[in-house]
Peer 1: 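Dumping the structure here so I can ask a few things about it.
No hydrogens, no waters, no symmetry mates; every other heavy atom, side chains included, goes into these values.
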Amino acid sequence: QVQLVESGGGSVQAGGSLRLSCAYSGYTYSYYCLGWFRQAPGKEREGVAAIATGGGITYYTDPVKGRFTISHDGAKNTLYLQMNSLKPEDTAIYYCAAAILGSCGSWLRPSYFPYWGQGTQVTVSS
């Protein structure tokens with residue numbers, strides 16, 4: 001049984017930083033795509049970043065490029081999202097997700113990921 005558990009959310013002021021973690025278990029695939037999504041109140045879930053664990057290639061959406069960094073520790077089965085220079089518009093529930101394919105070619109589609117964590121709240125105040 002695959003399980004993903006996020007942690008590290010919280011409340012910060014604009015310009016601050018947070019580091020999200022996603023510990024996963026029960027995964028039997030060798031290489032796969034892992035992603036971070038977020039959902040703000042009244043908005044659709046949107047992709048933030050993804051990483052292909054096989055080659056370490058990373059992907060980001062324009063709003064977070066240069067501010068967020070996704071990384072993966074295979075020995076610990078943990079996915080990270082370092083978020084710097086946070087803005088009020090980054091406020092959302094953040095979810096980690098795991099795909100069963102090694103490519104992240106379709107990572108912007110939530111349906112690409114069959115496994116999801118429960119989410120962690122990030123609130124950025126101005």
Side-chain angles (χ1 to χ4, degrees):
Q1 181 179 358
V2 176
Q3 288 188 321
L4 295 87
V5 180
E6 301 100 334
S7 61
S11 298
V12 295
Q13 290 192 326
S17 298
L18 282 174
R19 188 193 196 200
L20 305 183
S21 299
C22 173
Y24 59 93
S25 61
Y27 228 61
T28 59
Y29 302 95
S30 297
Y31 301 110
Y32 34 89
C33 179
L34 298 173
W36 285 100
F37 286 74
R38 65 186 181 186
Q39 189 166 17
K43 295 189 176 180
E44 292 187 352
R45 191 167 299 190
E46 63 174 3
V48 174
I51 184 167
T53 62
I57 298 174
T58 58
Y59 305 82
Y60 300 93
T61 51
D62 286 345
V64 307
K65 277 180 183 176
R67 300 189 298 123
F68 291 11
T69 302
I70 188 171
S71 61
H72 172 248
D73 187 333
K76 296 182 178 180
N77 283 357
T78 303
L79 177 70
Y80 301 99
L81 185 68
Q82 177 67 45
M83 306 186 294
N84 298 328
S85 302
L86 283 162
K87 305 176 181 181
E89 51 263 44
D90 294 319
T91 296
I93 298 174
Y94 283 70
Y95 300 89
C96 63
I100 59 174
L101 298 177
S103 168
C104 287
S106 299
W107 77 273
L108 286 172
R109 298 201 327 251
S111 61
Y112 189 71
F113 298 88
Y115 303 109
W116 292 82
Q118 82 289 349
T120 186
Q121 177 71 47
V122 171
T123 303
V124 185
S125 58
S126 58

Peer 1: With the side chain counted from C-beta on, respond yes when Arg67 and Met83 share a heavy-atom pair under 4.5 Å apart, and no when they do not.
Peer 2: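 No; the side chains remain at least 4.5 Å from each other.
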
Peer 1: Mind checking the CD-CG spacing from Gln82 to Leu18? Nearest 0.5 Å is all I need.
Peer 2: 8.5 Å

Peer 1: Using side-chain heavy atoms (C-beta onward) and a distance below 4.5 Å, is Thr61 in contact with Arg38?
Peer 2: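 With C-beta onward as the side chain, the pair stays apart.
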
Peer 1: Is any side-chain heavy atom of Tyr80 closer than 4.5 Å to a side-chain heavy atom of Leu34?
Peer 2: no

Peer 1: Charged N to carboxylate O below 4.0 Å: is that the case for Asp90 and Lys87?
Peer 2: no

Peer 1: Tyr95 versus Leu4: any side-chain heavy-atom pair under 4.5 Å?
Peer 2: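 No, side chains not in contact.
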
Peer 1: Atom CG in Leu86, atom OG in Ser11: separation rounded to 0.5 Å?
Peer 2: 11.0 Å

Peer 1: Cluster question for you: counting only ILVMFWY and a side-chain heavy-atom cut-off of under 4.5 Å, with indirect links fine, are Trp107 and Tyr31 together?
Peer 2: no

Peer 1: Ignoring hydrogens and angles, tell me if any N or O in the side chain of Thr120 forms a donor-acceptor pair with the backbone of Ser7 under 3.5 Å.
Peer 2: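 Answer holds: no.
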
Peer 1: Checking Leu108 against Tyr59 for the side chain to side chain contact (heavy atoms under 4.5 Å, CB included) test, could you report, in this order, the C-alpha distance in whole Å, the side-chain angles of both residues, the deciding distance, and whether it holds?
Peer 2: CA-CA 10 Å; Leu108 286 172; Tyr59 305 82; over 6 Å; no

Peer 1: How about Trp36 and Ile70: do any of their side-chain heavy atoms sit closer than 4.5 Å?
Peer 2: yes

Peer 1: Can you confirm whether Ile100 sits close enough to Pro114 that some side-chain heavy atom of one is under 4.5 Å from a side-chain heavy atom of the other?
Peer 2: yes

Peer 1: Say whether Tyr115 and Tyr32, considering side chains only, have a donor N or O and an acceptor N or O under 3.5 Å apart.
Peer 2: no

Peer 1: Are the side chains of Phe37 and Trp116 in contact, using a 4.5 Å heavy-atom criterion?
Peer 2: yes

Peer 1: Can you find a pair of side-chain heavy atoms, one from Thr69 and one from Thr58, that are under 4.5 Å apart?
Peer 2: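 No, their side chains stay 4.5 Å or more apart.
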
Peer 1: Any donor-acceptor pair under 3.5 Å linking the side chain of Gln13 with the backbone of Ser125?
Peer 2: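 No, because the side chain of Gln13 does not come within donor-acceptor range (under 3.5 Å) of the backbone of Ser125.
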
Peer 1: To the nearest 0.5 angstrom, please state how far the OH atom of Tyr94 sits from the SG atom of Cys22.
Peer 2: 15.0 Å

Peer 1: Where the side chain of Glu6 meets the backbone of Leu20, is there a donor-acceptor pair that is under 3.5 Å apart?
Peer 2: no

Peer 1: What are the two closest heavy atoms between Gly105 and Tyr112, and how far apart are they?
Peer 2: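 Closest heavy-atom pair between Gly105 and Tyr112: N-OH, 4.3 Å.
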
Peer 1: Please find the pair of heavy atoms, one from Gly26 and one from Val2, that lie closest to each other, and give the distance.
Peer 2: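 Minimum heavy-atom contact is O-CG2, 3.5 Å.
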
Peer 1: Might you point out which heavy atoms bring Cys104 and Ala52 nearest each other, and give the distance in Å?
Peer 2: SG-N, 3.7 Å

Peer 1: Working to the nearest 0.5 angstrom, can you tell me the gap between Gln39 CD and Glu44 CD?
Peer 2: 8.5 Å

Peer 1: Verify the cluster assignment for Phe113 and Val5: are they in a single hydrophobic cluster under the rule of side-chain heavy atoms below 4.5 Å apart?
Peer 2: no

Peer 1: Please assess Phe68 against Leu81 for the test side chain to side chain contact (heavy atoms under 4.5 Å, CB included), listing each intermediate value before the final yes or no.
Peer 2: CA-CA 7 Å; Phe68 291 11; Leu81 185 68; 4.1 Å; yes

Peer 1: About how many Å separate CD1 of Ile51 and OH of Tyr60, when rounded to the nearest 0.5 Å?
Peer 2: 7.0 Å

Peer 1: Quick one: closest heavy-atom pair of Pro88 and Ser126, and the distance?
Peer 2: CG-CB, 3.8 Å

Peer 1: Once you round to the nearest 0.5 Å, how far does OG of Ser71 lie from CG of Leu79?
Peer 2: 7.0 Å

